[in-house]
Amino acid sequence: MKAVTWQGRRDVRVETVPDPAIQQPGDAIVRVTSTNICGSDLHLYETLGPFMAPGDILGHEAMGVVEEVGSAVDAIKPGDRVVIPFQISCGHCFMCDEGLYSQCETTQVTQMGTGAALFGYSKLYGEVPGGQAEYLRVPHAQFTHIKVPDGPPDERFVYLSDVLPTAWQAVEYAAIPKGGTVVVLGLGPIGDMSSRIARHHGARVIAVDLVPERLARARSRGTEVLDLREHGHDLPDTVRDLTGGRGPDSVIDAVGMEAHGSPVAKLAHQMVSMLPDRLSAPVMQRLGVDQLKALYTAIELVRRGGTVSLSGVYGGAADPMPMMTMFDKQIQLRMGQANVKRWTDDILPLLIDADPLGVEEFATHRLPLSAAPEAYEKFQKKQDGTIKVVMHPATA
Ligand SMILES: NC(=O)c1ccc[n+]([C@@H]2O[C@H](COP(=O)([O-])OP(=O)(O)OC[C@H]3O[C@@H](n4cnc5c(N)ncnc54)[C@H](O)[C@@H]3O)[C@@H](O)[C@H]2O)c1
Ligand SMILES: [Zn+2]
Ligand SMILES: [Zn+2]
């Protein structure tokens with residue numbers, strides 16, 4: 001089959017690889033009909049190279065049709081239409097019983113000290129072959145699937161794999177009081193969708209980014225936006241002016257560790273990336289690649305007693321946190337990988353009839369799998385208006 005493989009820093013290629021097969025009784029094989037590129041894939045493309053091996057298959061936002069199931073799987077059968085969550089979870093351990101599917105104790109990558117295994121997400125998360133491919137092997141398929149109805153187009157449902165539950169959890173964790181205000185940092189797919197969900201819940205949303213088409217897209221849906229290129233120095237004052245001098249009740253950080261405006265960390269990261277992988281992986285795990293600009297901004301902006309909700313991915317332990325400010329302002333901080341299936345029942349009704357969150361128009365690019373190398377490059381450089389790319393392996 002054809003698959004998108006990681007080959008090195010900023011080097012992905014579409015290669016022919018062996019078709020996946022059932023290996024465990026709990027596996028299923030899915031023929032992939034739609035598969036997205038995610039902002040998290042850019043961390044692999046750019047930063048987390050030391051944890052990747054050439055040939056690793058990327059991707060964790062796939063949906064398709066079940067081809068084959070192992071002997072222990074009876075919740076789905078060949079022909080069923082399914083979305084595959086980005087995390088692999090068993091559905092019956094202590095953590096899964098708590099709804100903390102991204103912490104599943106059956107699939108935790110204990111060797112690396114990380115949570116549930118993820119599709120296509122480096123040795124840190126189990127080095128499981130990902131879904132940017134024609135076929136995907138789904139371990140723990142009895143639970144690791146979301147059945148969706150036949151009929152509506154894939155793009156109604158494909159974001160259930162990641163964007164929708166991540167954004168939904170970001171908004172839940174932000175604990176915006178009724179009638180309250182949230183600032184959303186970053187208008188990539190996660191920040192954009194978080195803004196839509198928060199507004200759907202009745203919150204006032206002020207969103208910040210620095211890419212013109214991302215700002216324009218949010219503005220066109222009625223979200224108040226601030227352009228970081230104009231407000232790089234006075235963002236806190238501007239936001240306070242817009243929020244009665246107090247600051248927003250909540251801030252969602254949907255930027256993560258490649259934040260614009262973290263020059264020192266960028267240099268450190270480039271130095272680490274010049275080391276051979278066997279040296280740089282331990283250095284990165286200990287010191288990390290912290291680029292905490294957006295997180296610092298979130299802590300500065302939020303009102304006293306407010307909540308910061310982190311959905312952007314961070315790695316490492318090098319940068320200090322502003323503990324005095326956090327303590328003095330009495331800030332709540334919530335974070336983590338989204339627990340995908342925790343939110344499915346809340347989200348699905350919004351995808352069936354009307355489309356209040358605008359998922360059908362969400363993708364900016366619809367491409368065959370063979371276009372992945374250019375798509376990654378344009379997404380990373382934020383060129384060609386690339387915000388969300390959906391690939392269709394069948395047309396590869
Ligand atoms: N928690 C989860 O389960 C989960 C799931 C998916 C993605 N993520 C993470 O969420 C983050 C966002 O994902 P995405 O797909 O939207 O990525 P993205 O890279 O498309 O979006 C990030 C946006 O932040 C903007 N930005 C950069 N620096 C900024 C700054 N200082 N202030 C404000 N905006 C700034 C960029 O211009 C960009 O539009 C990533 O870190 C990703 O890894 C987390
Ligand atoms: Zn993703
Ligand atoms: Zn579990």
Side-chain angles (χ1 to χ4, degrees), residues 35-48 58-62 85-108 115-121 130-131 140 143-144 159 161-170 173 183-194 207-215 217-218 225-229 231-232 235 252-262 291-298 301 309-315 335-341 364 379-380 382 386-389:
T35 183
N36 308 331
I37 302 177
C38 175
S40 294
D41 293 326
L42 295 180
H43 304 320
L44 308 176
Y45 192 67
E46 182 67 23
T47 309
L48 295 176
L58 296 165
H60 59 262
E61 303 191 1
F86 72 85
Q87 68 226 195
I88 302 167
S89 48
C90 75
H92 54 67
C93 68
F94 174 87
M95 290 295 168
C96 285
D97 285 346
E98 296 284 307
L100 294 166
Y101 303 118
S102 64
Q103 312 298 330
C104 173
E105 289 180 339
T106 309
T107 74
Q108 269 179 18
L118 310 180
F119 287 100
Y121 217 74
H140 297 279
F143 188 75
T144 304
Y159 305 110
S161 56
D162 184 342
V163 173
L164 284 165
T166 297
W168 196 276
Q169 179 168 306
Y173 282 11
V183 165
V184 176
L185 298 175
L187 280 169
I190 302 300
D192 186 340
M193 190 57 80
S194 300
V208 183
D209 203 301
L210 59 153
V211 180
E213 63 270 17
R214 296 183 178 213
L215 292 161
R217 173 157 133 139
V225 296
L226 293 172
D227 187 338
L228 196 65
R229 293 169 305 170
H231 296 287
L235 187 67
I252 293 172
D253 172 354
V255 178
M257 61 186 164
E258 268 105 44
H260 176 85
S262 309
Q291 309 195 30
L292 300 185
K293 177 73 176 127
L295 175 54
Y296 290 161
T297 303
L301 292 181
S309 167
L310 270 183
S311 57
V313 170
Y314 289 94
M335 67 192 91
Q337 305 275 13
N339 303 301
V340 173
K341 290 190 66 172
T364 52
F379 184 40
Q380 200 259 336
K382 303 191 170 52
T386 311
I387 303 176
K388 193 68 186 176
V389 179

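Whatever order the structure lists ligands and atoms in, that order sets their numbers, starting from 1.
Not a single donor-acceptor pair under 3.5 Å links the side chain of Lys341 to the backbone N or O of Ser89. For the pair Ser102 (side chain) and Gln337 (backbone), a donor-acceptor distance under 3.5 Å is present. Judged purely by atom type and a 3.5 angstrom limit, Ser309 has no side-chain atom pairing as donor or acceptor with the backbone of Tyr173. No donor-acceptor distance shorter than 3.5 angstrom exists from the side chain of Gln103 to the backbone of Phe94, with no hydrogens or angles considered. A donor-acceptor pair is defined here as one N or O able to donate and one able to accept, closer than 3.5 Å; such a pair exists between the side chain of Thr107 and the backbone of Ile88. Looking at Asn36, its side chain never comes within 3.5 Å of a backbone N or O of Cys38 through a donor-acceptor pair. Although no hydrogens or angles enter the test, the distance criterion places a donor-acceptor pair under 3.5 Å between the side chain of Thr35 and the main chain of Gly131.
Near Asp162, meaning under 4.0 Å from any of its heavy atoms, are these atoms of ligand 1: 5 (C), 6 (C). Interface atoms of ligand 1 facing Pro189, defined by a heavy-atom separation under 4.0 Å, are 14 (P), 15 (O), 16 (O), 20 (O). The ligand atoms of ligand 1 that sit less than 4.0 angstrom from a heavy atom of Lys382 are 36 (C), 37 (O), 38 (C), 39 (O). Within the listing of ligand 1, atoms 6 (C), 7 (C), 8 (N), 9 (C), 42 (C), 43 (O) sit less than 4.0 angstrom from a heavy atom of Ser40. The contact set between ligand 1 and Phe379, taken as ligand atoms under 4.0 Å from a residue heavy atom, comprises 20 (O). Below 4.0 Å from some heavy atom of Leu210 lie the following atoms of ligand 1, by number and element: 26 (N), 27 (C), 29 (C), 35 (C), 37 (O). The ligand atoms of ligand 1 that sit less than 4.0 angstrom from a heavy atom of Val211 are 37 (O). Less than 4.0 angstrom separates some heavy atom of Ala338 from each of these atoms of ligand 1: 1 (N), 2 (C), 3 (O).
In this structure, Phe86 and His60 have perpendicular ring planes: the angle between them is above 60°, well past the 30° mark.
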Check against side chain to side chain donor-acceptor pair (under 3.5 Å), Gln380 and Glu46: CA-CA 9 Å; Gln380 200 259 336; Glu46 182 67 23; 3.2 Å; yes
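Distance check, rounded to the nearest 0.5 Å: CG of Leu185 to CG of Leu226 gives 10.0 Å. Annotation: the span from Leu228 atom CG to Asp209 atom CG amounts to 8.0 Å, rounded to 0.5 Å. Distance check: Asp41 CG to Glu61 CD gives 7.0 Å after rounding to the nearest 0.5 Å. Once rounded to the nearest 0.5 Å, the distance linking CZ of Phe143 with SG of Cys96 reads 6.0 Å.
Of the listed options Ile252, Asp253, Val255, Val255 places a heavy atom closest to atom 27 (C) of ligand 1. Comparing heavy-atom distances from atom 38 (C) of ligand 1 across Leu44, Val313, Asp209 singles out Asp209 as nearest. Of the listed options Gly188, Cys38, Gly336, Ala254, Ala254 places a heavy atom closest to atom 12 (C) of ligand 1. Of the candidates Ile190, Ile387, Leu226, Leu118, Ile190 brings a heavy atom nearest to atom 14 (P) of ligand 1. Residue Thr166 holds the heavy atom nearest to atom 2 (C) of ligand 1 of all those in Thr166, Leu295, Leu228.
Checking only distances, Leu42 never comes within under 3.5 Å of ligand 1, N or O to N or O. Taking any N or O of Lys293, backbone or side chain, none lies under 3.5 Å from an N or O belonging to ligand 1.
Shown are Leu187, Asp162, Val163; of these, the side-chain contact (heavy atoms from CB on, under 4.5 Å) with Met193 is made only by Val163. Put simply, the residue from Arg214, Arg217, Lys388 that forms a salt bridge (charged side-chain N to carboxylate O under 4.0 Å, His left out) with Asp192 is Arg217.
Contacts with ligand 1 closer than 4.0 Å are made by no heavy atom of Met335, backbone or side chain. Proximity of Gln337 to ligand 1, defined as any heavy-atom pair under 4.0 Å, is shared by backbone and side chain alike.
The two residues Gly99 and Asn339 have their closest heavy-atom pair at O-CB, 3.2 Å. Shortest non-hydrogen contact noted between Leu44 and Leu58 is CD1-CD2, 3.7 Å. Considering all non-hydrogen atoms of both residues, Gly91 and Asp97 come closest at O-OD1, 4.2 Å.
For the Zn ion (ligand 3), protein N, O or S atoms under 2.8 Å: 4 in total.
Near-neighbour remark for the Zn ion (ligand 2): protein N, O or S atoms under 2.8 Å are Cys38 SG, His60 NE2, Glu61 OE2, Asp162 OD2; waters not counted.
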